[in-house]
Amino acid sequence: GVYLPFEHLMDFQKGPAVVKNLAHLLKEAGFPVAPDEDLPCLWYKGVGRERLEHYYNKKYEFDDYIPGYTAPQKQAMLAFLKNMTDEFSADSGLVAVLQDYYNSIRDDMPIDTPWTNKTASE
């Protein structure tokens, strides 16, 4: 099998490698695929320059909404990913994807302050 994390497809370094892995899997299954030397170009054309540049600059797919999380929510996500990594430790491909998500959340996730309703009567 092969994993296709969106973040890897949108990465200038990882994207062509993901497409190459997928092409090899499809070829092994008997499907016709493009030659290896054409795969980086096919990846670039398929994703598109504008989307790649936007994702590279923003690190997020959308302009109008970037979710924020509280510190406890961040810790809950990290704990969940750690548990998943432990549970599926025999699947090195999945562990690598989960570890990428773990590192991204740990290092890059913005923290919001919890909302309190200051107008509610007490």
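The figures here come from the full heavy-atom set of this structure, side chains too, leaving out hydrogens, waters and symmetry mates.
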- [ ] With rounding to the nearest 0.5 Å, note down the distance linking CG in Leu25 to NZ in Lys20.
- [x] 14.5 Å

Task: Partner residues of Asp91 under the side chain to side chain donor-acceptor pair (under 3.5 Å) criterion, sequence neighbours left out - done: Tyr3

TODO: Give, for atom NE2 of His54 and atom CD of Glu50, the distance between the pair rounded to the nearest 0.5 Å.
DONE: 9.0 Å

- [ ] Only pairs at least two apart or in different chains count here, so list each side-chain hydrogen bond (donor to acceptor under 3.5 Å, both in side chains) that has a residue in residues 22-35.
- [x] His24-Asp36

Task: Rounded distance [0.5 Å steps], CG in Asp112 versus OG1 in Thr70 - done: 8.0 Å

TODO: Sequence neighbours left out, what passes side-chain contact (heavy atoms from CB on, under 4.5 Å) with Leu22? Give chain and number order.
DONE: Val2, Leu4, Leu26

- [ ] Mind checking side-chain contact (heavy atoms from CB on, under 4.5 Å) for Ser89 and listing every partner two or more places apart, or none if nothing turns up?
- [x] none

TODO: Would you check if Tyr102 and Leu78 make a side-chain contact, meaning some heavy-atom pair closer than 4.5 Å?
DONE: yes

TODO: Please check if Met77 and Ile111 belong to a single hydrophobic cluster, counting links between Ile, Leu, Val, Met, Phe, Trp and Tyr side chain heavy atoms closer than 4.5 Å.
DONE: no

- [ ] Provide the full list of salt bridge (charged side-chain N to carboxylate O under 4.0 Å, His left out) pairs with a residue in residues 101-110, sequence neighbours left out, each pair given once.
- [x] none

Open item on the list: Going by the rule side-chain contact (heavy atoms from CB on, under 4.5 Å), which residues pair with Phe88 if we only count those two or more places apart in sequence or in a different chain?
Closed with: Met84, Leu94

Task: For Ser104, all residues meeting side chain to side chain donor-acceptor pair (under 3.5 Å), sequence neighbours excluded - done: none

Task: Any residue meeting salt bridge (charged side-chain N to carboxylate O under 4.0 Å, His left out) with Lys82, in chain and number order, not counting sequence neighbours - done: Asp86

With a cut-off of 3.5 Å and sequence neighbours excluded, list every side-chain donor-acceptor pair involving residues 5-19.
| unit_1 | atom_1 | unit_2 | atom_2 | d |
| --- | --- | --- | --- | --- |
| Glu7 | OE1 | Tyr101 | OH | 2.7 |
| His8 | NE2 | Asp100 | OD2 | 2.7 |
| Asp11 | OD1 | Gln13 | N | 2.8 |
| Asp11 | OD1 | Lys14 | N | 2.8 |

TODO: Answer with yes or no whether the hydrophobic clustering places Val97 together with Val95; edges join I, L, V, M, F, W, Y residues whose side-chain heavy atoms lie under 4.5 Å apart.
DONE: no

Open item on the list: Could you work out, with side chain to side chain donor-acceptor pair (under 3.5 Å) as the rule, every residue matching Glu53, not counting sequence neighbours?
Closed with: Arg49

Task: Pair Glu87, Asn83: side-chain N/O donor-acceptor within cut-off below 3.5 Å - done: no

Open item on the list: Among residues at least two apart in sequence or on other chains, which ones pass side-chain contact (heavy atoms from CB on, under 4.5 Å) with Ala34?
Closed with: Asp38, Leu39, Leu42

